K.L.:
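Structure below; questions to follow.
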Amino acid sequence: MSGEAPELYSDSVQIGVTPFTVVLSFTMAPAGQTGTIPPIPVANIRTSLEHAKVMAILLRKNLKAFEEQMGQAIPLHPQLYQTLGLSKQEDW
């Protein structure tokens, strides 16, 4: 192993949870295409439930610190909350 990790980009993720594993399936929309072409698989990351929970906590903590440093929230369109069934107040 060379020690260099590949650089990847994703604009979508599906999350699967089983009693032993969390799977993050990252995909990317095809360039210049809308709706008719399926997303391009980028990577599947499998990890333990415990590791996934720690990552979620650390990611939230880092994003909140970034928002505080910038003096404003990272903007998300209200329709995004509705489409994903999220609450801006309860989920963030």
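In what follows, every heavy atom counts, from backbone to side chain, and hydrogens, waters and symmetry copies are set aside. If you're wondering where the values come from, they're calculated on a predicted model, not measured in any experiment.
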K.L.:
Would you be so kind as to tabulate the donor-acceptor pairs closer than 3.5 Å made by side chains of residues 67-74, with sequence neighbours excluded?
P.N.:
unit_1, atom_1, unit_2, atom_2, d
Glu67, OE1, Trp92, NE1, 3.1
Glu67, OE2, Ile74, N, 2.8

K.L.:
Table please: side-chain donor-acceptor pairs of residues 17-26 below 3.5 Å, with sequence neighbours left out.
P.N.:
unit_1, atom_1, unit_2, atom_2, d
Thr18, OG1, Phe20, N, 3.4
Thr18, OG1, Thr21, N, 3.1
Thr18, OG1, Thr21, O, 3.3
Ser25, OG, Asn44, OD1, 2.9

K.L.:
Return the minimal non-hydrogen interatomic distance between Leu8 and Ala43, and the atom names on each side.
P.N.:
CD1-CB, 3.9 Å
K.L.:
Looking at Pro38 and Pro30, what are the two nearest heavy atoms and their distance?
P.N.:
O-CG, 3.6 Å
K.L.:
Looking at residues at least two apart in the chain, or sitting in another chain, which of them share a side-chain contact (heavy atoms from CB on, under 4.5 Å) with Leu59?
P.N.:
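Result, side-chain contact (heavy atoms from CB on, under 4.5 Å) vs Leu59: Leu63.
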K.L.:
Under the side-chain contact (heavy atoms from CB on, under 4.5 Å) test, which residues partner Asp11, sequence neighbours left out?
P.N.:
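Listed in chain order: Tyr9, Met28, Ala29.
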K.L.:
Among pairs that include at least one residue of residues 76-89, which meet side-chain hydrogen bond (donor to acceptor under 3.5 Å, both in side chains), considering only residues two or more places apart or in two chains?
P.N.:
none
K.L.:
Taking distance alone, no hydrogens or angles, what donor-acceptor pairs closer than 3.5 Å link side-chain atoms of residues 45-53 to residues at least two apart or in another chain?
P.N.:
unit_1, atom_1, unit_2, atom_2, d
Thr47, OG1, His51, ND1, 2.5
Ser48, OG, His51, N, 3.0

K.L.:
Could you grab the distance from atom OG of Ser12 to atom CD1 of Ile40, nearest 0.5 Å is fine?
P.N.:
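So the OG of Ser12 and the CD1 of Ile40 are separated by 12.0 Å.
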